[in-house]
Amino acid sequence: MDEITTALVELVGSADYQQLILVGRLAINLKRQDLVQSGQQTLIPDPPLERATGDLDLFLRLELFTNPAAGQVVRRAIDSLGYKVRQEKWQFESNLPTSRTPYSLDLLACPSPKSQVKSDNLRVGIGSGADLHGRTTIEGFAVETSPDTLVLSGGVNVTVASSYALLNMKLRASYDWLRYTNNARNWPTNQKPPSPKHLFDALCLVCMLTEGEMDKCKGFATHFQDLEVAQAIRNEASELFGQPNLAGWTAAVGQGIPDEHDLIWSTLQQCLGE
């Protein structure tokens with residue numbers, strides 16, 4: 001078990017793991033490891049290797065903010081493990097045990113018009129008393145819907161967002177990269193330029209799909225087909241990967257995605273809803 005996964009295990013072992021949903025590259029890495037161990041057939045045999053990450057991204061269920069005591073349990077766990085505050089209540093920093101390389105713990109959440117949880121453009125959970133916020137992440141609209149549970153070594157359960165949810169989040173991050181490359185001069189100086197690694201992550205998810213995962217994605221796509229953000233991400237995916245000569249596809253292939261455009265793109269369309 002690598003150091004960042006160990007950090008995850010320590011945190012979910014100190015709080016209710018079902019309240020914390022793993023997203024980001026670590027979620028993709030753990031899903032791939034689980035697929036390899038199970039021997040399931042994937043869209044691309046032997047899908048691209050996972051890549052190291054120094055970020056721990058956890059999605060907070062909205063019920064943490066309607067039950068402040070549950071949120072306080074998570075916050076006490078974060079504090080007890082030695083994390084330092086980087087951004088008040090939603091971003092923390094620690095050190096990997098051996099290398100002492102700082103890594104970040106980011107807490108995310110998606111606002112919902114059906115919930116009384118208060119939010120603004122930056123934070124979800126304002127005034128909840130949970131002593132936590134989630135960074136507003138509207139592209140995470142599907143994260144709380146039927147996430148998966150992975151069992152890591154030692155029997156530790158980790159809740160991981162579905163492939164559909166992860167795919168939408170990675171596609172939005174990929175599109176931010178495209179916006180930056182098209183207009184770098186006007187990118188806000190206080191924002192870190194988006195990484196092209198999100199392109200690899202998004203298409204790696206597609207390469208990893210099993211038949212069962214594809215069916216789940218199609219079901220999610222039907223369920224969310226009328227949601228405005230889901231429609232926008234479908235359009236953004238087309239701008240990134242719809243043709244083999246587009247910048248997004250070219251950059252992804254350059255990072256190690258198999259150059260099988262027709263197969264990967266048609267599968268991505270099915271996963272998002274055509």
Side-chain angles (χ1 to χ4, degrees), residues 11 15-16 18-27 55-79 83-94 103-145 147 159 161-162 164-180 183 186-195 198 220 223-224 226-236:
L11 183 54
D16 183 354
Q18 295 183 9
Q19 301 291 347
L20 305 172
I21 304 175
L22 181 66
V23 295
R25 183 173 297 167
L26 182 58
D55 296 324
L56 186 53
D57 299 320
L58 293 171
F59 219 88
L60 303 179
R61 293 183 183 271
L62 288 181
E63 64 187 59
L64 275 178
F65 304 115
T66 58
N67 180 11
Q72 291 167 9
V73 169
V74 175
R75 180 57 192 266
R76 286 197 296 271
I78 292 172
D79 291 341
Y83 288 91
K84 298 178 181 179
V85 175
R86 183 185 289 177
Q87 297 286 340
E88 186 181 4
K89 296 187 179 182
W90 69 266
Q91 188 178 63
F92 303 84
E93 181 178 281
S94 188
Y103 72 94
S104 65
L105 166 65
D106 289 2
L107 305 179
L108 318 173
C110 182
S112 169
K114 299 179 181 179
S115 172
Q116 296 182 345
V117 176
K118 295 181 180 179
S119 63
D120 59 20
N121 290 333
L122 180 62
R123 300 169 186 262
V124 177
I126 297 170
S128 68
D131 205 21
L132 291 172
H133 290 156
R135 179 165 59 84
T136 300
T137 311
I138 63 170
E139 62 269 30
F141 61 88
V143 171
E144 289 198 53
T145 306
T159 304
S162 69
Y164 175 83
L166 292 170
L167 188 55
N168 277 276
M169 294 181 71
K170 283 296 182 179
L171 287 170
R172 175 52 60 87
S174 297
Y175 194 71
D176 285 342
W177 168 85
L178 183 63
R179 289 172 50 231
Y180 170 76
N183 197 15
N186 294 324
W187 192 258
T189 56
N190 62 340
Q191 291 185 23
K192 184 179 178 181
S195 170
H198 296 301
F220 284 128
H223 179 75
F224 290 109
D226 296 328
L227 191 68
E228 184 176 353
V229 63
Q231 294 172 347
I233 290 173
R234 287 199 294 271
N235 292 333
E236 292 165 5

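A quick note: this is a predicted structure, and the numbers were derived from the prediction, not measured.
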Completion exercise
Residues at least two apart in sequence or cross-chain that pass side chain to side chain donor-acceptor pair (under 3.5 Å) with R172, listed by chain then number, are E236
Exercise for the section: Can you sort out the partners of A173 under side-chain contact (heavy atoms from CB on, under 4.5 Å), two or more places apart, ordered by chain and number? Expected result: H198
Practice task
Tell me, please, which residues at least two apart from D176 pass salt bridge (Lys or Arg N to Asp or Glu O under 4.0 Å).
Solution key: R179
Completion exercise
Residue set satisfying side chain to side chain donor-acceptor pair (under 3.5 Å) with R76, at least two apart, ordered chain then number -> none
Problem - E93 with R86: basic N within carboxylate O range, under 4.0 Å - result: yes
Exercise for the section: Taking the side chain as every heavy atom from C-beta outward, state whether L58 and L108 have any atom pair closer than 4.5 Å. Expected result: no
Practice task
For Y180, check ring-ring contact (aromatic ring centres under 6.0 Å, His included) against everything at least two apart and list the hits.
Solution key: W187
Handout entry: Gap between atom CD1 of I233 and atom CE of M169 - 0.5 Å precision
Key = 9.5 Å
Exercise for the section: First locate atom CG of L105, then atom OG of S94, and finally report the distance between them rounded to the nearest 0.5 Å. Expected result: 8.5 Å
Practice task
For the residue pair T159 and L22, establish whether any side-chain heavy-atom pair is separated by less than 4.5 Å.
Solution key: no
Problem - Under the salt bridge (Lys or Arg N to Asp or Glu O under 4.0 Å) test, residues paired with E63 that sit two or more places apart - result: none
Practice task
First locate atom CG of L60, then atom SG of C110, and finally report the distance between them rounded to the nearest 0.5 Å.
Solution key: 12.0 Å
Exercise for the section: Please list, chain by chain and in numerical order, all residues satisfying side chain to side chain donor-acceptor pair (under 3.5 Å) with N121, sequence neighbours excluded. Expected result: none
Fill in the blank from the handout: Residues at least two apart in sequence or cross-chain that pass ring-ring contact (aromatic ring centres under 6.0 Å, His included) with F220, listed by chain then number, are Y164
With a cut-off of 3.5 Å and sequence neighbours excluded, list every side-chain donor-acceptor pair involving residues 133-145.
residue, atom, partner, partner atom, Å
H133, ND1, R123, NH1, 3.2
T136, OG1, D120, O, 2.9
T136, OG1, L122, O, 3.3
T136, OG1, R123, N, 3.1
T136, OG1, R123, O, 3.4
T137, OG1, R135, O, 2.8
E144, OE2, L62, N, 3.0

Completion exercise
Applying side-chain contact (heavy atoms from CB on, under 4.5 Å) to D131 and not counting sequence neighbours gives R75, K89
Problem - Atom pair NZ/CD1 of K84 and I78 - distance to nearest 0.5 Å - result: 15.5 Å
Exercise for the section: Sequence neighbours left out, what passes side-chain contact (heavy atoms from CB on, under 4.5 Å) with D55? Give chain and number order. Expected result: T53, D57, S104
Practice task
Hey, could you give me the CG/CZ distance between D226 and F224, rounded to the nearest 0.5 Å?
Solution key: 11.5 Å
Fill in the blank from the handout: With sequence neighbours left out, the residues meeting side chain to side chain donor-acceptor pair (under 3.5 Å) with Q231 are none
